[in-house]
Amino acid sequence: MLELYAVSKIYGNGVVALRDVDLKVNKGEFVFIVGPSGAGKTTLTRLILAEEKPTKGQIIVNNKVVNNLRPSEIPYLRRQIGTVFQDFRLMHNWTVEENVSFAMKVIEAPRRAIRKRVPEVLEMVGLANKAKHLPTQLSGGEQQRVALARAIVNQPYILLADEPTGNLDPETAWGIMRVLQDINAQGTTILMVTHAKNIVDEMRKRVVALEGGRIVRDETRGAYGNEN
Amino acid sequence: MLELYAVSKIYGNGVVALRDVDLKVNKGEFVFIVGPSGAGKTTLTRLILAEEKPTKGQIIVNNKVVNNLRPSEIPYLRRQIGTVFQDFRLMHNWTVEENVSFAMKVIEAPRRAIRKRVPEVLEMVGLANKAKHLPTQLSGGEQQRVALARAIVNQPYILLADEPTGNLDPETAWGIMRVLQDINAQGTTILMVTHAKNIVDEMRKRVVALEGGRIVRDETRGAYGNEN
Amino acid sequence: MRIRTWAFFTGQAFSSMRRNSWMTVASIGTVAVTMIVLGIFLLLGGNINNIAGNIESQVEVSIYLQDEITSGQVDDLAQKFAAMEQVALVKYVSKEEALQELREMYGESGDFLAGLELDNPLRNGFRLRTHRPEQVLEIVPTLRSFDGVAEVQYGQGFVEQLFAVTNVMRVVALGLMLGLASAATFIIANTIRITVFARRREISIMKYVGATDWFIRWPFVIEGMTLGLVGSLIAAGLVAWAYSAAVVNLAVTIPFFPLVKPWPFLLGVSGWLLLIGTTIGVLGSTLSLRRFLRV
Amino acid sequence: MRIRTWAFFTGQAFSSMRRNSWMTVASIGTVAVTMIVLGIFLLLGGNINNIAGNIESQVEVSIYLQDEITSGQVDDLAQKFAAMEQVALVKYVSKEEALQELREMYGESGDFLAGLELDNPLRNGFRLRTHRPEQVLEIVPTLRSFDGVAEVQYGQGFVEQLFAVTNVMRVVALGLMLGLASAATFIIANTIRITVFARRREISIMKYVGATDWFIRWPFVIEGMTLGLVGSLIAAGLVAWAYSAAVVNLAVTIPFFPLVKPWPFLLGVSGWLLLIGTTIGVLGSTLSLRRFLRV
Ligand SMILES: Nc1ncnc2c1ncn2[C@@H]1O[C@H](COP(=O)(O)OP(=O)(O)OP(=O)(O)O)[C@@H](O)[C@H]1O
Ligand SMILES: Nc1ncnc2c1ncn2[C@@H]1O[C@H](COP(=O)(O)OP(=O)(O)OP(=O)(O)O)[C@@H](O)[C@H]1O
Ligand SMILES: [Mg+2]
Ligand SMILES: [Mg+2]
C-alpha cells in the first residue's frame, strides 16, 4: 500500500527534515506517527501527497512511484488519499457543506450520492447542525472536524490525519477516534500524526516514532513513550 | 484586573456562544478555561480583546470598561494583553524574528531593547535557531511557539493563551508550561484555554469550565474533569 | 466532463463573483473604464481617418486647354481622360463657368471682376478626380502629354504637403489605437492577475483536495469571461450612446463638420470592444492561474 | 512618532514591495500605462488647443475706405483704431499692395489680373487684429460707424462657424483630458484597492497585536506613494521622450504643422502626471485601508 525506501528530505533553506526513512504500511493498518515538535511528521505526509519532492529515496503508493509523477497525475494520487491537514486548509468563504462536497465534486460523483453522503459524514463528526455555516463562524475544534469530514467523505484508500484531535477536548477526541476505527475496520489504511499520549497508549496500535527526522522506534502494539 | 458581569454573546447567525457569564480574575492568577469543543472558550477571549462586542453585560479590564471603547482606544487595550491565538495569526511573509519584534515596534520600544529581548524570548520557547525562518518554513508546533513568543515579548499584564500546547508533544508542552509559570510568578495574570487534561490535572490551578456557553464549574485548585 | 460538472463550474463562477462582490465590482469597473477610453480612441481614430480621406478627396486636377482647340478635339480629350483607369470623374468647365465660380467665391468684394465677361481672360478646361487621391501624382505627366492641353494644375507642392499631413494623421491615429488597445489589454490582464493572486490560497486548497488543473481553471475562465463581457458591454453601450448624441448635437452646432455616421461605424467599434474585453478576461485569468496551479 | 518608527515604516514599505514583487510590478505597470495614456491625451489636448488658437488668430478684420478720403483722415482713423483697447495690430494696406497680394496668391493662373494696375478696381484700407479673436465680433459695429469707412469685412458667417469649430475642439479636448484623468484615477485606485484587499489578513493581524490605525497606515501610504511616483515617473519620461522625438520628426516631414514646442509644455504635462500619480497612490491606499482597519 505505502512504501518508503531510504527517503530523505532537505528543505530549500538547508533544514534536514527527514533522514533515510524506511517505512512500509500494509493495507488496512492503523499507524500512529509520534515525535517531538519539528521531528518531520508533517514533512512525511507532505511527501506522500507529492506536495514536496523527496531529496533522496523512493515513495510508493498503491504500487505507483510518487516521487516523479507528472504534474497531471498528482490529482489522481491525491484522490486516493484523504488528508486532514494540520492547518485545516478550509475554504473560508464556502459553507461547511460546500467544503465537504467539493471533494466529491472533484471526482464527479453523482449529485444524488453527494446529497446522501455529505450529511452522513457531517453527522459522524458531530457537525450536522453546522452544515450551512462558514468556517470563520466555527470554533477551532469544529473546523478541525470539517477537515476530517472532507478527508473521509470519499472513503479513500489511505487516510493521512495530521493531529486530527489537536484542537479537541478529550471527549470529542474519543468520538473522533471511534469514527477513525470504524473507517479503518472498513478497510481504509490510516496514518495518524498525534501528540495525544493517552489516545496512543490506550489504543495499542502500531506506533512509529520520529526524532530529528529519523525513525527511532516502530512497534506493532506500541505506546506514546518509550516503555523501558 | 479582569471582570465579566452577566456577559452574553449571540453571533450574527443566531448562535448563542456565551450565556450570562460572571467571572472575576485577580491580578497574578493562573486560570485554566476548559470545556468541550464549541463551548465558547475562544469567544470569551475575543470579547476580552474587543475583537467582538458582547450582546449583553459588561467587561472590565484593568478598571476600564471594554465593551464600549472607542475604536481608537482598542489598540491600547490590546497592548496590555498578550494573546496566543488558536489559529496563530502569524505574518506569513515575515521571519520569526520580525513577527515577534513587531509587537515591540508597535509600542515604539527602543531598538536596543528589541535587539536584547527578542532572542531572549525565542530562547525561552526553544526557537533560537529558527529566528530567520518564515512561518511557512516551520512545523505546526514551531508556529505555535512563535505565537507564544510574540504574546509574551512585551511582558503584558494579562496573557490570553488559546490552546498554546495544542500542536505540541507532551515534552515540549511541559517546557512551555514552565515558561508560563515563570511569567505568572513575575506577576502576569494568565488565562489559558486548553484541552490538555494531564496538564490541568497536574498543575492544580484555578479551573473554569464552560459548557454550552455557561460556566458550569469554577474551582480554585481544580482538575480537568469533574472529580466526583 | 459531465453536464453537472459544467453546471457546477458556472455556479462556482457566479457565486465567487457574488462572494467577492467588492473585487468583482472593481474588476468590471476597470474593464468598463479602460474599454470606454479605448472606445473613444477608436472613434477618434475612425474620424481622423475619415477627415483625412475627406480632405484628400477634394484634391482635383485642373486642365486648361489651348484657346485655338476645336470642340471635336475637346470631346476627344474628354473620352481619353475618361478612359484612363485612375480617373473617376471628368467635368468640362467653360471659361464662363470658371468666371462665375470666381465671382461666387469673392462675393461682395469681387467688384474687380466686373466687366471681365466682355473680355474673359480665363480658359476652357477640365477638372478630374481620381479613384484614390494619391493617383493624382501618377497621371499628371500623362495629362501634360496630350495634344491641346495648355497647362495642368493640381496644387503643386500643396498636394504633396497635404498627403504628408494626412499620412501623419493616419499613422498617429493608428498608433494611438494600437497603443491604447495594448494598454487596455495590459490593465485588464493585470487587474485579473491581482484578483487571482488574492485567491491563491483557495487555488492551492483545491489542488490539495485532488482537483485537476482544468477543474480549477474552468470557473476562473467563466468568471474572467463574464467580467470582461459585462465590463465591455457597459463600455460599448455608453460609447455608442455618447457618440450618437454627439453626432446629433454637432450636426446642429457645426453642420459642416464631417463626423462619421453612427451606423455601421458603432457596430464595428462595439464589436472590437466586446471582442477585446472578453478575450482578455478569458486569457487574463487562464494565464494568471498558471503560477498558482503548481502545488 | 519617533524617528526609528519612521525608519521602520519606510523599511516596512520597501520590504513589502520586495516581498510582493509580483504585485508591485503589476501595480507600477498599471500606473505607468495609465499615466502614459493620460499623458498622450494631455499632449493631444494641448495641441488641439494650440491649433484652435492658431486658426483663430488668423482671423482679421479688413476695413475698406471710401475712395474720396484724404490722407489726413486716414492717419486720423489709424490713430482711432489703435486707441481701441481690443485692437492689437493695425496695418494700412494700399490698393496697390492689395493687388500685389492677389497676384501672389494666384501665381501662374493669375493672368486675368493683368492690366489691372492701370485701372485698379480695389480700395485702400486697413487690416486689424484683436488681442483675443472673439473680440472681432465686438468691434465690428464700432468700426462701421467711423466716418470714411466704406465697408468692414471679417469673413462674416465663416468666422462664426470657425469659432464654433474651435470651441467644439476645445470642449472635446478638455472633456477627453478630464475624462481620462478620472479614468486614470479610477483604474489606479482600483488596482491599489485590490492589492490592499489581497493583504487584508496581514492588516487584521497587526490590529490584533495592538497596532494603531496610523501605525498600519503609514507603510501603506509610503508604499502607495512610491508605486504612484515610480509609475508616473516612468510614464512622464516615456511621454517626454516620445513627444520630443515626434516634434523633431514632424518638423522634417510636415514643417508647417503647428505642434506645441516641447518646452515648457512637457514640464507642465509631466508635472500633472507626477502629481496625479502620486496623489492617487497615496489616497488610493489610505482610503482602501479603511474597511480593513475595522477589526
Ligand atoms: N517549507 C519548509 N521549509 C523549510 N523548512 C521546513 C519547512 N517545513 C518544515 N520545515 C522544517 O522541517 C522540520 C520538520 O518539520 P515538520 O513540519 O515535518 O515537523 P512536525 O514533526 O510536523 O512538527 P510539529 O509536531 O510541530 O507539527 C522543522 O524543523 C521545520 O522547521
Ligand atoms: N464568528 C462566528 N459567527 C458565528 N458563530 C460563531 C462564530 N465563532 C464561533 N461561533 C460559534 O460559537 C460557538 C462557540 O465558539 P468558540 O470558538 O468560542 O468555541 P471554543 O470553546 O473555542 O471551541 P474549540 O475548543 O473547538 O475551539 C460555536 O458553536 C461556534 O460555532
Ligand atoms: Mg506537523
Ligand atoms: Mg476555540
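Residue numbering restarts at 1 for every chain, and letters A, B, ... go by the order of the sequence lines. Values below: every heavy atom of this structure, side chains too, minus hydrogens, waters and symmetry copies.
Here C:F220 pairs with nothing under the ring-ring contact (aromatic ring centres under 6.0 Å, His included) rule; sequence neighbours left out. Under the salt bridge (charged side-chain N to carboxylate O under 4.0 Å, His left out) criterion, A:K116 pairs with A:E120, not counting sequence neighbours.
Checking side-chain atoms of A:N184 against main-chain N and O of A:T189 turns up no donor-acceptor pair under 3.5 Å. With hydrogens and angles ignored, the 3.5 Å screen pairs no side-chain donor or acceptor of A:K41 with any backbone N or O of A:I33.
Side-chain contact between A:V31 and A:R206: present, with at least one pair of heavy atoms (C-beta onward) separated by less than 4.5 Å.
Heavy atoms closer than 4.5 Å to chain C are found in the backbone of A:L90, but not in its side chain. When heavy atoms are compared at a cutoff of 4.5 Å, A:A147 does not approach chain C at all.
Counting only residues at least two apart or on different chains, the ring-ring contact (aromatic ring centres under 6.0 Å, His included) pairs with a member in residues 32-59 of chain A are A:F30-A:F32.
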Tabulate, with distances rounded to 0.1 Å, every donor-acceptor pair spanning chain C and chain A at under 3.5 Å.
{"unit_1": "A:E51", "atom_1": "OE2", "unit_2": "C:Y208", "atom_2": "OH", "d": "3.4"}
{"unit_1": "A:R78", "atom_1": "NH1", "unit_2": "C:K207", "atom_2": "O", "d": "3.0"}
{"unit_1": "A:R78", "atom_1": "NH1", "unit_2": "C:V295", "atom_2": "O", "d": "3.4"}
{"unit_1": "A:R79", "atom_1": "NE", "unit_2": "C:G210", "atom_2": "O", "d": "2.8"}
{"unit_1": "A:R79", "atom_1": "NH2", "unit_2": "C:G210", "atom_2": "O", "d": "3.3"}
{"unit_1": "A:L90", "atom_1": "O", "unit_2": "C:R201", "atom_2": "NH1", "d": "3.2"}
{"unit_1": "A:L90", "atom_1": "O", "unit_2": "C:R201", "atom_2": "NH2", "d": "2.8"}
{"unit_1": "A:H92", "atom_1": "NE2", "unit_2": "C:R201", "atom_2": "NH1", "d": "3.4"}
{"unit_1": "A:H92", "atom_1": "NE2", "unit_2": "C:R201", "atom_2": "NH2", "d": "3.4"}
{"unit_1": "A:N93", "atom_1": "O", "unit_2": "C:R19", "atom_2": "NE", "d": "3.0"}
{"unit_1": "A:N93", "atom_1": "O", "unit_2": "C:R19", "atom_2": "NH1", "d": "3.4"}
{"unit_1": "A:N93", "atom_1": "ND2", "unit_2": "C:E202", "atom_2": "OE2", "d": "3.4"}
{"unit_1": "A:E98", "atom_1": "OE1", "unit_2": "C:R19", "atom_2": "NH2", "d": "2.7"}
{"unit_1": "A:E98", "atom_1": "OE2", "unit_2": "C:R19", "atom_2": "NH2", "d": "3.0"}
{"unit_1": "A:E108", "atom_1": "O", "unit_2": "C:R4", "atom_2": "NH2", "d": "2.8"}
{"unit_1": "A:E108", "atom_1": "OE1", "unit_2": "C:R2", "atom_2": "N", "d": "3.2"}
{"unit_1": "A:E108", "atom_1": "OE1", "unit_2": "C:T5", "atom_2": "OG1", "d": "2.7"}
{"unit_1": "A:A109", "atom_1": "O", "unit_2": "C:R4", "atom_2": "NE", "d": "3.0"}

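The heavy-atom pair separating A:T165 from A:T194 by the smallest distance is OG1-OG1, 4.3 Å.
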